[in-house]
Amino acid sequence: MNVNGILGQACRGLFALVASLALAAGCVVQDQRPMARIAAEKATQEVPSDELLDVGVRLFDPNVPADPKDQERQRIFPDVRNAESRYFPVLIRNTLESTGHWGQVRVLPRDGTGMDVFVDGRILSSDGRELKLDVEVKDATGRLWYQKVYEGDADVRAYTGAVGKPADPFENLYNTLANDLLAARRELSREQRVQIRQVSDLRFAADLAPYAFGGYLAQDRKGAYSVVRLPAAEDPVVQRMQRVRERDYALVDTLNEYYASFGDSVAEPYTNWRKYSHEELEAEALAKRQAATRQILGAVAVVGGIVAGQQTGSSAGSAAATAAVIGGMYAFKSGLDMRSEIKVHSESLKQLGDSFQSEVQPMVVDVEGRTLQLKGSAEEQYAEWRRLLRDLYEHETGLPAVQAGTP
């Protein structure tokens with residue numbers, strides 16, 4: 001095959017590619033049709049009190065790379081991710097509470113204990129267009145209910161003033177999680193659900209006073225807990241421990257008021273951040289497609305001009321071919337110039353990553369007439385409170401929380 005034939009084939013191939021790219025560039029990136037709504041199943045009858053499981057949604061792992069270069073490459077803004085690690089558990093708690101299938105649903109620090117069921121999560125990706133969470137659910141016995149990666153696209157109606165818009169662009173994801181959690185609970189027998197509550201109570205007591213309560217539980221090699229025997233309900237030590245636990249619940253409820261307040265305060269700016277992030281990512285994607293199309297159009301014009309120049313014998317034809325080559329070069333250059341527009345959108349995404357961090361005010365608690373102040377973040381205050389509970393137990397019972405000589 002001669003050179004003209006090869007160039008002709010290349011030109012036809014490039015024209016076909018240009019046609020497909022032009023069609024793609026003209027398409028709307030985000031499907032604006034209403035997204036099908038997924039509802040969280042609501043309770044239709046009361047759950048027996050001894051089977052009513054309390055759920056702790058622990059703060060998520062923000063999954064922020066240590067290397068700033070990796071953060072930039074993956075477009076992860078640490079302040080935003082840290083805010084999300086608190087905000088997502090609040091939304092999940094609100095969803096679970098609304099179903100009526102559970103007892104108390106509380107947001108806990110990442111090392112939080114004392115609940116029947118624990119929901120832990122890790123943020124895999126979150127940019128306003130899509131959300132991906134790695135979620136693991138276990139109960140107090142150590143039984144794994146399930147582990148699942150939840151991912152969903154944003155319902156863009158949440159970013160507009162549309163009638164009937166969802167409260168959150170990823171509301172379907174949270175509702176799906178709530179339904180999965182309910183399905184996992186239904187797979188357990190009544191005896192298993194009752195045992196979860198018993199183990200939860202005993203683990204709380206054994207954590208504060210292993211010397212007094214450690215013998216009521218057994219733990220196998222896989223870390224699973226089971227009840228060896230139950231303490232007498234009328235035992236004064238048990239009754240005092242129950243009072244200690246009520247105080248723990250009161251403190252956790254106070255922390256949850258903080259988390260709820262944090263969620264309320266961050267909701268509007270965070271939704272705006274996601275909206276603008278969504279728009280910038282869409283604009284950047286469109287700019288990339290348009291730049292690629294212009295580059296290929298320029299290349300086609302150059303190749304076509306060369307072919308035409310070789311196939312024509314007239315001076316006018318040669319001039320036209322030369323003009324086509326020059327025009328193609330300018331088109332190719334304009335495609336390269338659009339890279340600067342792409343960079344502008346990337347910089348806008350960085351600027352959208354403003355800090356959402358917030359610290360709770362120092363909390364004042366009264367422990368047996370002693371006024372104590374818990375300082376630091378909510379998580380630091382919770383850790384300090386757990387240390388104070390051991391002192392409270394000793395005061396309540398007059399017995400040491402641990403046996404002498406035990407670390």
Side-chain angles (χ1 to χ4, degrees), residues 49-50 52-59 93 102-118 139-142 194-219 225-259 360 362-407:
S49 59
D50 60 347
L52 198 59
L53 302 178
D54 294 336
V55 181
V57 185
R58 290 191 275 224
L59 299 187
R93 181 201 64 186
W102 307 95
Q104 296 293 327
V105 184
R106 296 177 170 96
V107 176
L108 299 176
R110 290 185 62 188
D111 59 350
T113 60
M115 306 299 282
D116 303 322
V117 181
F118 298 96
D139 62 39
T141 69
V194 170
Q195 186 186 54
I196 290 173
R197 297 207 60 180
Q198 293 172 341
V199 171
S200 176
D201 290 339
L202 290 173
R203 284 190 64 181
F204 177 86
D207 181 56
L208 293 181
Y211 176 60
F213 292 95
Y216 292 103
L217 284 173
Q219 187 176 17
Y225 289 88
S226 60
V227 178
V228 175
R229 57 191 176 91
L230 292 173
E234 63 276 8
D235 188 331
V237 175
V238 172
Q239 294 175 352
R240 292 190 183 104
M241 181 59 73
Q242 289 173 344
R243 290 197 293 270
V244 171
R245 191 169 194 185
E246 289 301 320
R247 296 185 184 183
D248 183 58
Y249 282 151
L251 188 282
V252 173
D253 286 340
T254 300
L255 289 181
N256 269 253
E257 291 176 7
Y258 157 70
Y259 288 128
V360 67
M363 191 181 305
V364 178
V365 296
D366 180 81
V367 181
E368 293 301 313
R370 293 178 294 167
T371 301
L372 303 172
Q373 187 179 66
L374 306 179
K375 297 181 180 181
S377 68
E379 294 73 45
E380 291 168 342
Q381 292 188 20
Y382 177 80
E384 177 63 21
W385 170 247
R386 296 291 292 182
R387 287 191 290 269
L388 290 175
L389 280 182
R390 179 166 291 186
D391 294 338
L392 179 60
Y393 169 79
E394 292 183 1
H395 182 87
E396 286 277 2
T397 63
L399 298 173
V402 296
Q403 187 175 14
T406 302

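Since the structure is predicted, the reported quantities are computational estimates derived from the model, not experimental observations.
Side-chain atoms of Arg203 come within 3.5 Å of backbone atoms of Ala140 as a donor-acceptor pair (strictly under, hydrogens ignored). Side-chain atoms of Asp54 do not come within 3.5 Å of backbone N or O of Met115 as any donor-acceptor pair. Not a single donor-acceptor pair under 3.5 Å links the side chain of Arg93 to the backbone N or O of Val57. A donor-acceptor contact shorter than 3.5 Å links the side chain of Asn256 to the backbone of Val252.
Atom-to-atom distance recorded for Trp385:CH2 and Leu251:CG is 5.0 Å, nearest 0.5 angstrom. The structure places CG of Leu217 at 9.5 Å from CG of Leu230, a figure rounded to the nearest 0.5 Å. The OG1 atom of Thr141 sits 14.5 Å away from atom CZ of Arg197, with the distance rounded to the nearest 0.5 Å. To the nearest 0.5 angstrom, Asp139 atom CG is 8.0 Å from Leu53 atom CG. Atom-to-atom distance recorded for Gln242:CD and Gln239:CD is 6.5 Å, nearest 0.5 angstrom.
When all heavy atoms are compared, the tightest approach of Tyr382 to Thr113 is OH-N, 3.3 Å. The shortest non-hydrogen separation linking Pro231 to Leu202 is CD-CD2, 3.8 Å. Taking both residues in full, the closest heavy atoms of Ser200 and Arg245 are given as OG-NH2, 3.2 Å, listed atom of the first, atom of the second, then distance. For the pair Gly215 and Arg229, the tightest heavy-atom approach, listed with the atom from each and the gap, is O-NE, 4.2 Å.
Cation-pi geometry between Arg106 and Tyr259 is not satisfied (NZ or CZ under 6.0 Å from the ring centre, within 45° of the ring normal).
Using a 4.5 Å cut-off on side-chain heavy atoms (C-beta onward), Trp102 and Asp116 make no contact.
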Decide yes or no on side chain to side chain contact (heavy atoms under 4.5 Å, CB included) for Val237 and Phe213, but give the supporting numbers first.
-> CA-CA 10 Å; Val237 175; Phe213 292 95; 3.7 Å; yes
